[in-house]
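Model, not experiment: these values are computed from the prediction. Quick note: numbers below take in every heavy atom, side chains included, and nothing from hydrogens, waters or symmetry partners. Naming: A, B, ... by sequence-line order, numbering from 1 per chain.
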There are 2 protein chains.
Amino acid sequence: MAKFDERDDREANQDDRACSIQDSLDILGDRWTILIMRDAFRGVRRFDDFRRDLDIARPVLTERLKRLVVAGVLDRRLYCERPPRYEYRLTPMGAALSPTLVALMRWGDEWLTDEPPTVLVHETCGEPLDQAFVCWHCDETFTQSAIASRPGLTPTT
Amino acid sequence: MAKFDERDDREANQDDRACSIQDSLDILGDRWTILIMRDAFRGVRRFDDFRRDLDIARPVLTERLKRLVVAGVLDRRLYCERPPRYEYRLTPMGAALSPTLVALMRWGDEWLTDEPPTVLVHETCGEPLDQAFVCWHCDETFTQSAIASRPGLTPTT
DNA sequence: ATAGGTGAGTTCACATTCAGAACCAAGTCG
DNA sequence: CGACTTGGTTCTGAATGTGAACTCACCTAT
């Protein structure tokens with residue numbers, strides 16, 4: 001993934017750079033990190049709570065949290081001085097992952113589970129929310145099936 | 001991740017099941033799979049094209065593609081009889097991952113890259129699209145920052 | 001007809017990463 | 001005092017990933 005010595009620039013016409021999905025996955029792309037983020041969204045903040053909830057090996061959790069803090073996605077802060085205790089909180093950058101996690105969740109709900117999906121509801125009216133694409137210009141909204149042209153992420157072509 | 005023998009049901013109060021994010025990650029959750037899917041969205045279909053584009057080890061690619069086919073996300077079909085050649089195409093289930101990939105891409109664009117983001121444009125008007133939550137009932141649209149209550153994926157609490 | 005090339009793998013030896021258990025440190029509670 | 005908690009680190013085998021070489025079926029050029 002790092003050694004592209006013998007590559008001709010075949011891929012340059014396709015997307016002219018490593019693609020930001022790859023960049024995102026450099027931070028999130030291992031078996032645990034997204035689950036850690038999911039827990040963080042749920043409000044989990046402490047080392048042992050992550051560990052217990054995920055059933056993850058301690059050294060791995062230590063390393064992942066460190067990476068996430070370095071990446072700027074979590075913030076490690078002392079929440080108790082005298083027995084020094086830390087908690088990990090979402091930074092704005094981490095919180096910005098919510099659409100990604102929601103999309104993953106909805107996909108799993110739709111295609112993988114028989115159980116009733118976790119619906120997101122509109123706080124003010126209690127009706128279910130949908131995740132969609134919106135064109136502020138035309139004031140049109142459409143779900144993914146209706147979107148056709150996406151430069152850099154071309155559809156089935 | 002599979003052996004929960006000694007777990008008490010501590011997590012039952014939090015979300016009463018494995019959570020569909022976990023289910024999704026059982027399929028997508030390793031360093032390569034999401035990149036493979038991204039390539040599939042871009043129109044890559046053949047073994048060697050995936051291999052070259054991703055610079056992934058052959059055995060791993062073989063195994064990943066097999067898993068994705070079993071999972072129902074890709075479809076392996078013979079596209080040439082006499083030298084038997086296969087191609088891997090997105091199934092509807094695979095295509096349904098588009099919001100997830102878009103969300104990942106947008107996150108990477110916004111937080112990780114200095115380069116101009118890949119904007120998605122509305123085909124009919126050419127204006128940039130946004131990914132958002134929409135309440136069909138109130139006919140209101142809001143981006144993730146404005147969403148507050150999500151059962152099962154509670155915000156920062 | 002033979003030599004070389006390609007697509008799609010498999011097999012193998014080696015390196016990295018992960019898991020699980022034990023250990024440690026700093027503080028707190030009984 | 002000793003036990004317990006949180007948040008780690010260190011260690012050792014197991015699992016996984018890596019790259020190189022090999023296979024097999026076919027195709028193309030000479």
Atom pair OG1 (A:Thr33) and CD1 (A:Ile27), whose distance is rounded to the nearest 0.5 Å: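 Those atoms lie 9.5 Å apart.
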Residue [X], side-chain heavy atoms: nucleotide from [options] that is nearest:
X	options	result
B:Tyr88	D:dG8, C:dG9, C:dG27	C:dG9
A:Arg76	D:dG7, C:dC18, C:dG9	D:dG7
B:Arg85	D:dT9, C:dT6, D:dG17	C:dT6
A:Tyr86	C:dA26, D:dG7, C:dA8	D:dG7
B:Lys66	C:dT10, D:dG17, D:dG7	C:dT10

Considering just the side-chain nitrogens and oxygens of [X], establish if one lies under 4.0 Å of OP1 or OP2 belonging to [N].
X	N	result
B:Arg31	C:dT17	no
A:Arg58	D:dT6	no
A:Trp32	C:dT17	no

Can you tell whether the side chains of [X] and [Y] come within less than 4.0 Å, N to carboxylate O?
X	Y	answer
B:Asp49	B:Arg45	no
B:Arg106	B:Asp109	no
B:Asp75	B:Arg77	yes
B:Asp53	B:Arg38	yes

Shortest non-hydrogen contact between B:Gly108 and A:Ser20, atoms and distance: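 Of all heavy-atom pairs spanning B:Gly108 and A:Ser20, the closest is C-CB, 3.8 Å.
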Terminal axes of the helix from C:dA1-D:dT30 to C:dG30-D:dC1 (five pairs each): angle between them, nearest 10 degrees: 10°
Interatomic distance, [X] [atom1] vs [N] [atom2] [rounded to whole Å]:
X	N	atom1	atom2	result
B:Tyr79	D:dC26	OH	P	14 Å
B:Glu63	C:dT10	CD	C1'	13 Å
B:Arg51	C:dT6	CZ	P	12 Å
B:Arg45	C:dA8	CZ	P	13 Å
B:Leu61	D:dG17	CG	P	12 Å
A:Asp55	C:dA21	CG	C1'	14 Å
A:Leu74	D:dG7	CG	C1'	16 Å
B:Asp49	C:dA8	CG	P	8 Å

Donor-acceptor pairs under 3.5 Å, side chain of residues 62-73 of chain A to any protein atom, not counting sequence neighbours: which ones?
residue : atom : partner : partner atom : Å
A:Thr62 : OG1  : A:Arg58 : O            : 2.9
A:Arg64 : NH1  : A:Asp30 : OD2          : 2.3
A:Arg67 : NH2  : A:Asp26 : O            : 3.1

For a quick check of understanding: with a heavy-atom distance under 4.0 Å over all strands, which category does [X] fall into, base, sugar-phosphate or nothing?
X	result
B:Arg46	sugar-phosphate
A:Phe50	nothing
A:Val60	sugar-phosphate

A:Tyr88 versus A:Arg76, side-chain donor and acceptor atoms under 3.5 Å: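 Side chains of A:Arg76 and A:Tyr88: pair found under 3.5 Å.
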5' priority, DNA chain D, between A:Pro84 and A:Pro59 [closest heavy atom]: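 On the 5' side of the pair lies A:Pro84.
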